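So that the names make sense, note that chain A is the first sequence line, chain B the second, and so on, each numbered from 1. This one's a predicted model, so the numbers in the text were calculated from it and none came from an experiment.
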2 protein chains.
Amino acid sequence: MTSPRRSGLGTNQEAVRRHNLGTLLRHLHGAGHMSRAELTSLMGLNRSTIAGLVAELESLGVSERAVPVGNVRQGAGRPSAGVRIAADGPYVVAVDLGVDRAVVARVGLGGRVLQRAQAPVHGEGEAWQVGSSVAALIRSVVADVPPVAPLVGIGISVPGMVRRSDGLIRLAPNLEWHDVSFGGIVLAALGLDIPVSLANDADLGALAEHRRGAGVGIDDLIYVSGNVGVGAGIITGGRRFEGAAGYAGEVGHLRFNPQGRPCHCGNRGCWETEVGAHAIAEAISCPADKVAQLDEVLEGFREPTPGLRDTGTALGQGLASIVNVFNPQVVVLGGYFRTLFPLVRAEVVAGLAERTLPAPLESVTLALPGLGSDSTLLGAAEIALEPLFVDPVAALGSALLDVRTALAG
Amino acid sequence: MTSPRRSGLGTNQEAVRRHNLGTLLRHLHGAGHMSRAELTSLMGLNRSTIAGLVAELESLGVSERAVPVGNVRQGAGRPSAGVRIAADGPYVVAVDLGVDRAVVARVGLGGRVLQRAQAPVHGEGEAWQVGSSVAALIRSVVADVPPVAPLVGIGISVPGMVRRSDGLIRLAPNLEWHDVSFGGIVLAALGLDIPVSLANDADLGALAEHRRGAGVGIDDLIYVSGNVGVGAGIITGGRRFEGAAGYAGEVGHLRFNPQGRPCHCGNRGCWETEVGAHAIAEAISCPADKVAQLDEVLEGFREPTPGLRDTGTALGQGLASIVNVFNPQVVVLGGYFRTLFPLVRAEVVAGLAERTLPAPLESVTLALPGLGSDSTLLGAAEIALEPLFVDPVAALGSALLDVRTALAG
DNA sequence: CCGTACCGATCACTCGCACAACAATTCTCG
DNA sequence: CGAGAATTGTTGTGCGAGTGATCGGTACGG
């Protein structure tokens, strides 16, 4: 479900055109609306070349002309005609699979959420049950999509380890899933056969924050997601760090306190036993059945408890290992850390400074997600959109038109 | 001293030619000797195109025709004329700066070591003293280079943290250097002005093992270097993982045992206090003044001592964190681990299996360096050669001809 | 011994981008 | 208020890079 990696191939002219068209669309996707003049300077190509590429995108129905937008005019000269994302252009379906709920959205280019729906899913539900719930949500978000708009694919964020080669969910501890082909289940429930991409939620959070959130323009960032488990998504050099099989970023099981609590992985004192949802809940004496609503509970606090302060210190100290090892420019704190961090910022920063080496410490910043709780959902949209940026013509050629009819038939 | 990162630029025809010429040379560098037919299928380009590129490389003096090499003929047909690296072609100078000695080599394309020299350097020597020793070694390895052979640049492997933006050595604990511009020092001692690239030794070990050692064809590997400190070099997706400023891979300070020995970084129980050279020396009761010769001492053992077994277990358990976080396909054990690992293989494997998550564990392999103790030296050569693969014409255009005269004048 | 297979060399062809000239539009300065 | 400067879109031309077909050369195999 993911394209194989490129080898040391040569480049021919066809590839040049594909690459340039895809890069132009990537820029448009990033900015949403821009002038041809901006594109010219960004891509370093000739004006005429940009004009040709823009014309091709328009004929593909991806972009449309816009009036010379009345933004700040910085100088003399003929105003540059705008290029903007077409209203009925290509879109994807993004699925954010959580432990207790699923969020589904129809997302267009530019990361615009066009429709959204969500529903609770049972914690220990069978995969096929969850799959049919998700399929129902997908049907609802595409209920009033215009027939001319092409569906490029589906992206799914999973709270677990996803094998890159085929998108198989190897292990989702909190869903109690082992080796589930969730992409196939959803497609079967829909009766469709379109591209489906799956990836780990933290990886997708990192991707979305890099493209549209707190990490725009930052090529080396880490998104640390605090939920029941703790995971990290890594962006390096502007690319996703996936590892050999797609499992990279399992920072939750870093050795933190060999005398600590037992972890479900079989060891003791893994970092996530000190800063995961259960540890946070314990620090604020939150009853076990309210751990799923930990966000709301945490928001009730104006001052941290001593237990929370300790959790904050542990969070900072664990982040120190991550910063030492990855040397990121920004660390984005997602999941429950998003509400925890503002409460115990001082302790986190102190724990980080205490254990990080001077050189990597001086260039790192801690940040909250710029996309709030939508990071993973928008990350799922990004991986589904990706084929458009590699080869727009091919991706649109294989996209699905008139989804409502296809779903009805 | 390192080229800036590429942004989302477009591709023009000039870039295509550069890229194809560089890619062809990269293949030739990897295989040393190949037929045009192989190049055709590897790069996916037309025969005529390959012929044109090969002709250009020949006119640049980089490659030369070889007789249809008498290797295994797999089928009928006219034998494909060979392409091989030119005898008097471009070369680089590689420097492996160790704690107690420096190795300098003249290295040609294909990673061939053409000349080599080494000398002891004082542990706490001033940087300029070490620089002039290295300069003398460089003079000796280029003493009988033919005048027509161009010198592309110098690559230096450093046992410390190197800032990527300018090659500044931020910290080399065992040399007791802070913020040393060693590249500039060496150039000044030589009286030359040519490109110098510096990088961390573990990073370069990883690069060399990926290109020419135990990791050929492996796109996700980690080279863990055990010396006085412990560091890691990471290759992901076939690229170096450097982090925002170049400091990525500092695994030696991963938290291992919070009640453990104090580390020079100010914390307690960092992993390198358990598996670094001093810990190994302690495990075998090696006197402190022989730590520099730990390799030879270790080679004297046929059976591991109980202390070494414990070190092996700690090594495996620490590697587990690395495997969980990076999900590599291969972990190469360099430095002192190269002699330690065969002694305590069982303990390392057991420690790794005990603490690694099942999914990343199933795809990882432990390996010894395919290049022996030359990994870092050849990695230094690789970064110096890199400009040739990005743009052969430009790199050769700015290369230095007739080095002997330039050094004399 | 001859047919087949494979490779190198050559040349016309296609395609994509760069360049130059011109038109359109706005700003600025006198 | 008007002319020139500045910037951008448009169009046609040219260059360069890779493609594809053809021919000739060399080896293998029956």
Side-chain angles (χ1 to χ4, degrees), chain A residues 8-25 33-60 63-84 391-393, chain B residues 9-25 33-59 63-84 391-393:
Chain A
L9 284 176
T11 306
N12 56 22
Q13 303 188 145
E14 197 186 327
V16 169
R17 183 69 172 186
R18 268 202 313 252
H19 174 257
N20 284 345
L21 203 61
T23 303
L24 198 154
L25 187 52
H33 184 122
M34 51 203 321
S35 71
R36 301 153 88 126
E38 287 176 276
L39 286 167
T40 302
S41 65
L42 276 174
M43 294 184 57
L45 297 180
N46 196 279
R47 282 195 311 229
S48 20
T49 308
I50 296 295
L53 293 169
V54 168
E56 184 161 354
L57 280 188
E58 275 171 21
S59 78
L60 287 170
S63 72
E64 54 193 24
R65 302 190 62 128
V67 289
V69 64
N71 60 9
V72 281
R73 308 270 322 128
Q74 67 269 28
R78 173 177 174 173
S80 188
V83 184
R84 80 167 163 227
D391 186 347
V393 178
Chain B
L9 285 176
T11 305
N12 57 21
Q13 303 189 144
E14 197 187 326
V16 168
R17 184 69 172 184
R18 269 203 312 254
H19 174 255
N20 285 346
L21 202 60
T23 304
L24 197 154
L25 186 52
H33 184 122
M34 51 201 321
S35 72
R36 300 152 87 126
E38 287 176 278
L39 286 167
T40 302
S41 65
L42 276 174
M43 293 184 59
L45 297 179
N46 197 284
R47 278 192 312 206
S48 341
T49 309
I50 296 295
L53 293 169
V54 168
E56 185 161 355
L57 280 188
E58 275 171 22
S59 78
S63 71
E64 54 192 23
R65 302 191 62 130
V67 290
V69 63
N71 60 10
V72 282
R73 308 267 322 126
Q74 66 269 26
R78 173 175 174 175
S80 188
V83 184
R84 81 167 163 227
D391 186 347
V393 178

Item to check | Pair of N/O donor and acceptor under 3.5 Å linking D:dG16 base with B:Q13 side chain | outcome: yes

Item to check | Residue pair B:R65 / B:A81: nearest heavy atoms and the distance that separates them | outcome: NH2-CB, 3.6 Å

Checklist entry - Between D:dT13 atom P and A:N46 atom CG, what is the distance in whole Å? => result 17 Å

Checklist entry - Out of C:dT25, C:dG8, C:dC17, which nucleotide sits closest to the side chain of B:R36? => result C:dG8

Checklist entry - For D:dG18, does either OP1 or OP2 sit under 4.0 Å from a side-chain N or O belonging to B:S48? => result no

Checklist entry - Which part of the nucleic acid, if any, lies within contact of A:A51, taking any heavy atom under 4.0 Å across all strands shown: a base, the sugar-phosphate backbone alone, or nothing? => result nothing

Checklist outcome for this item: To the nearest 0.5 Å, atom CG of A:L53 lies from atom CG of A:L45 at 7.0 Å

Item to check | Check: B:S80 side chain, C:dG8 base, donor-acceptor under 3.5 Å | outcome: no

Item to check | d(CG, B:L39; C1', D:dG18) in whole Å | outcome: 16 Å

Checklist entry - Between A:N20 and C:dC17, is there a side-chain N or O to OP1/OP2 distance below 4.0 Å? => result yes

Next on the checklist: Output the rounded distance in Å from CZ (A:R65) to C1' (D:dT10).
Outcome noted: 11 Å

Between N or O atoms, less than 3.5 Å apart, protein on one side and nucleotides 22-24 of chain D on the other: list the pairs.
{"unit_1": "D:dG24", "atom_1": "N2", "unit_2": "B:R78", "atom_2": "NH1", "d": "2.7"}

Next on the checklist: Tell me if the side-chain of B:T40 makes a donor-acceptor pair with the base of C:dC7, cut-off 3.5 Å, by modelled atom types.
Outcome noted: no

Checklist entry - Phosphate oxygens OP1/OP2 of C:dG16: is one of them under 4.0 Å from a side-chain N or O of B:N12? => result no

Checklist outcome for this item: All heavy atoms of B:I50 vs all of B:R36, minimum pair found to be CG2-O, 4.0 Å

Next on the checklist: Between P on C:dC17 and CG on A:L21, what's the gap in Å once rounded to a whole number?
Outcome noted: 9 Å

Next on the checklist: Taking the nucleotide of DNA chain D with the nearest heavy atom to each, does A:S35 or B:E14 sit closer to the 5' end?
Outcome noted: A:S35

Checklist entry - How long is the line joining CE of B:M43 and C1' of D:dT19, in whole Å? => result 15 Å

Checklist entry - Do A:S35 side-chain atoms and A:S80 backbone N/O form a donor-acceptor pair below 3.5 Å? => result no

Next on the checklist: So, does A:R18 get its side chain near the phosphate of C:dG16, meaning an N or O under 4.0 Å from OP1 or OP2?
Outcome noted: no

Checklist entry - Looking at A:R17, does any N or O in its side chain come under 4.0 Å of the phosphate oxygens OP1/OP2 on C:dC15? => result no

Checklist entry - Rounded to the Å, how far apart are A:E38 CD and D:dT7 C1'? => result 14 Å

Checklist entry - At what distance, to the nearest 0.5 angstrom, does CG of A:L21 lie from CG of A:L57? => result 4.5 Å

Item to check | Minimal non-hydrogen separation, B:L9 against A:H19, with atom names | outcome: O-CE1, 3.5 Å

Checklist entry - Just how far, in rounded Å, is P of C:dA9 from CD of B:E58? => result 9 Å

Checklist outcome for this item: To the nearest angstrom, the CG-P distance between A:L45 and C:dC19 comes to 11 Å

Item to check | More than 12 heavy atoms from other groups under 6.0 Å of CD on B:E14 | outcome: no

Next on the checklist: The test is side chain to side chain contact (heavy atoms under 4.5 Å, CB included); show your working for B:M34 and B:L42 and say whether it passes.
Outcome noted: CA-CA 11 Å; B:M34 51 201 321; B:L42 276 174; 3.6 Å; yes

